[in-house]
Amino acid sequence: MKYRHIIIAALAGCCTAVANAQTQSAQSSAWGNALLGIVHNNSTLKAARSQLQASRLANGTTLKLPDPEAEVAYLFGSPQGVPNRTNVSVTQTLDWGVLTGRRKQLAGAGNQVAEAAYRQAEQQLLAEADQTLTSVVYYNKLCTELAQRAALANEVCQLYQQKFAQGDINQIEVNKVKLNASVSQAELERARNERHELLLQLQRLNGGQPLELADTCYPNANQPLPALANLQSAVAQSPALLAALAAVAQQQAEVKLAKAEALPALIVGFQGEYIKENNYSGLSLGFSLPLWGNTRRKVKQAKAEVVARQLDADDVRHQQSSQLIQQYATARHLLDASDKLRSDLSTTSNTTLLRRALDEGQISLLDYLLEMSFYYTARTTLLDTERQAQQAISTLRGLLY
């Protein structure tokens, strides 16, 4: 389990098993604090914790022998002169499942299933929160980018309005820059609205409490992906797979219990018959006769369930392995593409030259807007590619929470 936490921390410094507080680094970052808060405040997870406690209590209710049965009968004698009789009977059914410890093993396996189900619910919540936080960071970056574009568009608009007032340009040129500024502002407002919707989604996940994340950097964005083999080893301990394996262990315990209960059930007790001046008492012993094959059918059915649960576990293992390989390849490809595009943009950006050329009248306003449009398209493509890569990495983290 410790190794698994190291792998998760390599993907994102805060992405260890949050609920168990098994990492210090998560608590020192806004991302980690957001996840910790969601785990603590989420109403669905609170209900799951309560259900876990109820399941543990329920699994402990079958660990004792059934209550003994007592019976007293007072019989009147007939015809007249026959003495009355009192019968007393106390019996105890011996449960082989309890006496052999099979029920205790089943209860333990049931607790493991309940705990695995809780961990799986926690994993699903963290995976959803991680994806949402990833999208929030993207919109933080996008809003910053669009705010800069809008500021630049407004600056150019004001400059051209001054030129128009001086009679240097015509109304057509002014209308172009006004429309460009209006479009830039509309794109910014649309991005802010989508970011607000994501924050509302985070608030829902956080149990209704507002949650803000102002980061414009993805967690450990500058660190390379861990080796695929290491991630595959970590996925072998994922909550979804552990839940499937716990279900297999529970059914195997069911088989052992069914075999124990297939033995003839014993009933031991004390019986007494009390008549005037004649008393009879002693021990009694009874047992069931498994003649009709019901117990054998229960054993057969329990074994079939084991096979079904094992197939489920194999399917979960296969699905998670396939998803891991697919998302890893996607993340690697998109990270390479975003790195190359970022490098190309840093070496080929003409924004400063274009602004200087526009101010000096070397290019027309239409040429300036067209060239800036090309640059903005490239920047938007870079942000989108980064987002897709980080969402793939977020999916990887979701498999490992």
Side-chain angles (χ1 to χ4, degrees), residues 46-76 84-121 239 242-275 278-313:
K46 286 181 179 179
R49 283 193 286 268
S50 179
Q51 181 59 52
L52 173 60
Q53 181 63 24
S55 297
R56 287 171 174 167
L57 293 174
N59 289 330
T61 59
T62 61
L63 301 183
K64 302 296 183 180
L65 290 173
D67 294 330
E69 297 181 6
E71 180 181 357
V72 178
Y74 186 78
L75 307 178
F76 296 96
N84 298 332
R85 185 177 67 185
T86 301
N87 288 352
V88 177
S89 174
V90 179
T91 59
Q92 172 67 63
T93 300
L94 301 181
D95 188 329
W96 290 115
V98 174
L99 296 178
T100 60
R102 299 305 188 192
R103 287 196 178 276
K104 184 177 181 180
Q105 293 176 4
L106 180 59
N111 289 338
Q112 292 295 323
V113 169
E115 291 168 6
Y118 171 78
R119 281 288 297 117
Q120 194 172 11
L242 293 180
L245 294 177
V248 173
Q250 184 184 38
Q251 274 311 129
Q252 291 173 338
E254 288 277 9
V255 171
K256 294 179 181 179
L257 176 60
K259 289 181 177 179
E261 291 182 338
L263 298 173
L266 294 181
I267 303 174
V268 297
F270 169 84
Q271 289 189 357
E273 184 177 287
Y274 303 99
I275 308 173
N278 292 284
N279 298 329
Y280 304 89
S281 61
L283 299 178
S284 63
L285 176 65
F287 58 91
S288 64
L289 299 176
L291 296 179
W292 315 124
N294 290 329
T295 55
R296 291 191 297 272
R297 280 190 286 269
K298 289 182 180 179
V299 173
K300 186 176 181 180
Q301 185 267 338
K303 289 182 177 179
E305 288 289 345
V306 171
V307 175
R309 297 291 81 76
Q310 186 63 60
L311 291 175
D312 288 341

Residues Glu273, Arg85; criterion side-chain contact (heavy atoms from CB on, under 4.5 Å); working and verdict: CA-CA 7 Å; Glu273 184 177 287; Arg85 185 177 67 185; 3.3 Å; yes

Check against side-chain contact (heavy atoms from CB on, under 4.5 Å), Leu65 and Thr93: CA-CA 8 Å; Leu65 290 173; Thr93 300; over 6 Å; no

Trace of the side-chain contact (heavy atoms from CB on, under 4.5 Å) decision for Leu283 with Val268: CA-CA 7 Å; Leu283 299 178; Val268 297; over 6 Å; no

Test log, rule side-chain contact (heavy atoms from CB on, under 4.5 Å), inputs Phe270 and Ser281: CA-CA 7 Å; Phe270 169 84; Ser281 61; 3.6 Å; yes

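Here the side chains of Lys303 and Lys259 are in contact, with some heavy-atom distance below 4.5 Å. With contacts defined as side-chain heavy-atom distances shorter than 4.5 Å, the pair Glu254/Leu106 qualifies. Side-chain contact between Lys256 and Gln105 is present, with heavy atoms from C-beta onward closer than 4.5 Å.
The CD1 atom of Ile267 sits 8.5 Å away from atom CG of Leu94, with the distance rounded to the nearest 0.5 Å. The CG atom of Leu257 sits 15.0 Å away from atom NZ of Lys104, with the distance rounded to the nearest 0.5 Å. The distance from the OG1 atom of Thr62 to the CG atom of Asp95 is 8.5 Å, given to the nearest 0.5 Å. Taken from CD in Gln251 to CD in Gln310, the straight-line distance is 11.5 Å, to the nearest 0.5 Å. Here the CD atom belonging to Glu69 is positioned 4.5 Å from the OG1 atom belonging to Thr91, to the nearest 0.5 angstrom. In this structure, CG in Asn84 is found 8.5 Å from CG in Leu75, a value given to the nearest 0.5 Å.
Nearest heavy atom pair, residue Gly110 against residue Asn59, reads C-ND2, 3.2 Å. Contact detail for Ala243 and Gln120: the closest heavy-atom pair is CB-OE1, 3.5 Å. Annotation for Leu57 and Thr61: closest pair O-CG2, 3.2 Å, computed over non-hydrogen atoms. Considering all non-hydrogen atoms of both residues, Gln250 and Ala109 come closest at CA-CB, 3.6 Å. Closest approach of Ala260 and Arg102 over heavy atoms only: CB-CG, 3.9 Å.
The backbone N or O of Pro264 sits less than 3.5 Å from a side-chain atom of Trp96, completing a donor-acceptor pair. The main-chain N or O of Tyr118 is never found under 3.5 Å from a side-chain atom of Gln51 such that the two would form a donor-acceptor pair.
In summary, Glu261 and Arg103 engage in a salt bridge, as defined by a charged side-chain N under 4.0 Å from a carboxylate O. Electrostatic pairing of Arg56 and Glu115 counts as a salt bridge here, judged by a charged N lying under 4.0 Å from a carboxylate O. Between Glu305 and Arg309 there is a salt bridge, since at least one side-chain N of the basic residue sits less than 4.0 Å from a carboxylate O of the acidic one.
Summarising the local packing, NZ of Lys300 is surrounded by 12 or fewer heavy atoms from other residues, nucleotides or ligands at distances under 6.0 Å.
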